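The structure appears below as structure tokens.
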Amino acid sequence: MMNINLLPWRELKRQTEKKNFINIIAVTAGLTLLVVVVIHVFISMQLNHQRSRNAYLQGELSILDRKIREISTLKQKQEELLARMQVIQSLQGNRPVIVRVFDNLVRLTPKDIHLDFFSMKGQTLTLKGIAENNNNVSTLMRNLDSSEWFDNSRLTAVKGLDIGDGSRFKVNVDQVMPGSEETR
């Protein structure tokens with residue numbers, strides 16, 4: 001005898017396919033959610049790692065900035081020390097020059113001239129004094145011009161004295177360094 005199944009088999013098939021479809025969607029959604037969570041955790045870990053590296057680099061940069069400031073202050077101190085050393089060396093080198101200037105000034109000044117003021121600004125000497133007559137002032141200027149330590153003497157003021165024949169004078173002269181020749 002034949003068995004006839006009167007149950008709606010198509011309906012059962014649809015329900016089982018629907019359950020399978022829902023299960024597949026649920027598994028796919030779960031896997032997708034799991035993948036999204038894993039990716040999110042991975043990216044968060046990468047971001048935290050990058051932030052820690054950035055913080056380390058910022059710390060190292062601040063240390064380097066501090067060292068750069070120290071180096072710049074040290075360079076500035078070095079330049080100041082070099083400038084001081086150059087000043088000291090120039091003073092050491094020019095020490096005998098002023099002695100030679102005074103020595104030559106004494107030798108070149110005629111006997112009848114009395115110098116009562118002497119100043120030096122840069123390379124220009126200013127001499128003030130009293131002379132018995134104007135010829136002595138001319139002799140002084142000729143002597144200064146003939147010296148290898150002085151050049152370009154200029155008479156800037158002459159004033160007669162109320163008492164006697166003398167006159168008060170003012171002479172400017174440039175001090176020069178002689179060549180490699182021996183000084184007199």
Side-chain angles (χ1 to χ4, degrees), residues 45-184:
M45 286 175 36
Q46 291 293 325
L47 284 174
N48 288 336
H49 181 66
Q50 187 64 40
R51 285 185 188 127
S52 67
R53 289 184 357 193
N54 287 348
Y56 174 76
L57 288 176
Q58 288 296 329
E60 292 297 316
L61 285 175
S62 65
I63 291 170
L64 289 176
D65 286 341
R66 193 172 346 114
K67 287 181 180 180
I68 287 171
R69 282 192 297 265
E70 287 176 15
I71 288 172
S72 65
T73 57
L74 288 175
K75 282 184 180 179
Q76 183 180 9
K77 287 180 182 179
Q78 179 187 18
E79 290 173 1
E80 290 172 359
L81 286 174
L82 288 175
R84 286 181 188 168
M85 287 174 51
Q86 286 177 345
V87 167
I88 290 170
Q89 286 176 349
S90 69
L91 290 175
Q92 291 285 343
N94 289 338
R95 233 187 331 180
V97 171
I98 195 69
V99 173
R100 296 286 182 143
V101 167
F102 276 118
D103 182 51
N104 279 303
L105 194 59
V106 168
R107 290 177 192 222
L108 298 174
T109 304
K111 292 180 183 177
D112 296 333
I113 290 184
H114 172 70
L115 296 176
D116 57 7
F117 180 81
F118 173 83
S119 72
M120 184 171 184
K121 289 186 180 177
Q123 297 299 317
T124 302
L125 299 159
T126 302
L127 306 171
K128 292 182 183 178
I130 299 173
E132 285 186 18
N133 59 39
N134 291 338
N135 289 336
N136 289 335
V137 176
S138 297
T139 304
L140 172 67
M141 291 176 64
R142 275 193 303 277
N143 290 345
L144 289 172
D145 284 335
S146 67
S147 171
E148 58 185 8
W149 285 91
F150 303 106
D151 189 29
N152 194 20
S153 62
R154 301 166 302 278
L155 182 64
T156 56
V158 175
K159 181 179 177 184
L161 294 176
D162 294 334
I163 304 170
D165 296 336
S167 60
R168 180 163 283 288
F169 68 92
K170 178 180 175 184
V171 174
N172 289 337
V173 65
D174 296 332
Q175 187 262 322
V176 295
M177 293 296 292
S180 61
E181 300 176 20
E182 286 290 318
T183 56
R184 294 184 225 177

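Values reported hereafter were calculated over all heavy atoms of this structure, with side chains retained and with hydrogens, waters and symmetry mates removed. In what follows, residues are counted from 1 in the order of the sequence shown. Keep in mind that this is a model prediction, so the values were computed, not measured.
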Next item on the list: Take F150 and L108, measure what side chain to side chain contact (heavy atoms under 4.5 Å, CB included) needs, and give me the verdict at the end.
Entry: CA-CA 10 Å; F150 303 106; L108 298 174; 3.8 Å; yes
Notebook entry, point to check: Would L105 and L144 satisfy side chain to side chain contact (heavy atoms under 4.5 Å, CB included), going step by step from the backbone distance to the final call?
Noted result: CA-CA 8 Å; L105 194 59; L144 289 172; 4.1 Å; yes
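Rounded to the nearest 0.5 angstrom, H114 NE2 and E132 CD are separated by 12.0 Å. In this structure, CZ on R69 lies 7.5 Å from CZ on R66, to the nearest 0.5 angstrom. Within the model, atoms CD1 of I68 and OG1 of T73 stand 12.0 Å from one another, a figure rounded to the nearest 0.5 Å. To the nearest 0.5 Å, atom CD1 of residue I88 and atom CG of residue L81 are 9.5 Å apart. Residue S119 holds its OG atom at 7.5 Å from CG of L125, rounded to the nearest 0.5 Å. Annotation: the span from I71 atom CD1 to L64 atom CG amounts to 9.0 Å, rounded to 0.5 Å.
Taking both residues in full, the closest heavy atoms of V171 and V137 are given as CG2-CG1, 4.4 Å, listed atom of the first, atom of the second, then distance. The minimum heavy-atom distance between I130 and R168, with the atom names listed, is CD1-NH2, 3.5 Å. Summarising the geometry of N133 relative to N136, their closest heavy-atom pair is OD1-N, 3.0 Å, with the distance given to 0.1 Å. Summarising the geometry of I113 relative to A131, their closest heavy-atom pair is CG1-CB, 3.9 Å, with the distance given to 0.1 Å. In terms of heavy-atom proximity, K170 sits nearest to T126 at CE-CG2, 3.6 Å. The two atoms that bring L155 and F169 nearest to each other are CD1-CB, 4.2 Å, heavy atoms only.
Residues passing the side-chain hydrogen bond (donor to acceptor under 3.5 Å, both in side chains) test with D151: none are found, sequence neighbours excluded. Scanning for salt bridge (Lys or Arg N to Asp or Glu O under 4.0 Å) contacts around R142 gives an empty result, with sequence neighbours left out. Annotation: side-chain hydrogen bond (donor to acceptor under 3.5 Å, both in side chains) contacts of D65 (sequence neighbours excluded): none. T156 meets the side-chain hydrogen bond (donor to acceptor under 3.5 Å, both in side chains) test with no other residue; sequence neighbours excluded. In this view, D145 satisfies the salt bridge (Lys or Arg N to Asp or Glu O under 4.0 Å) rule with no residue, not counting sequence neighbours.
Annotation: side chain of Q123 is not in contact with side chain of D174 (no heavy-atom distance under 4.5 Å).
For residues 50-64, every residue pair satisfying the side-chain hydrogen bond (donor to acceptor under 3.5 Å, both in side chains) rule, not counting sequence neighbours, is listed here: N48-R51, Q50-R53, Q50-N54.
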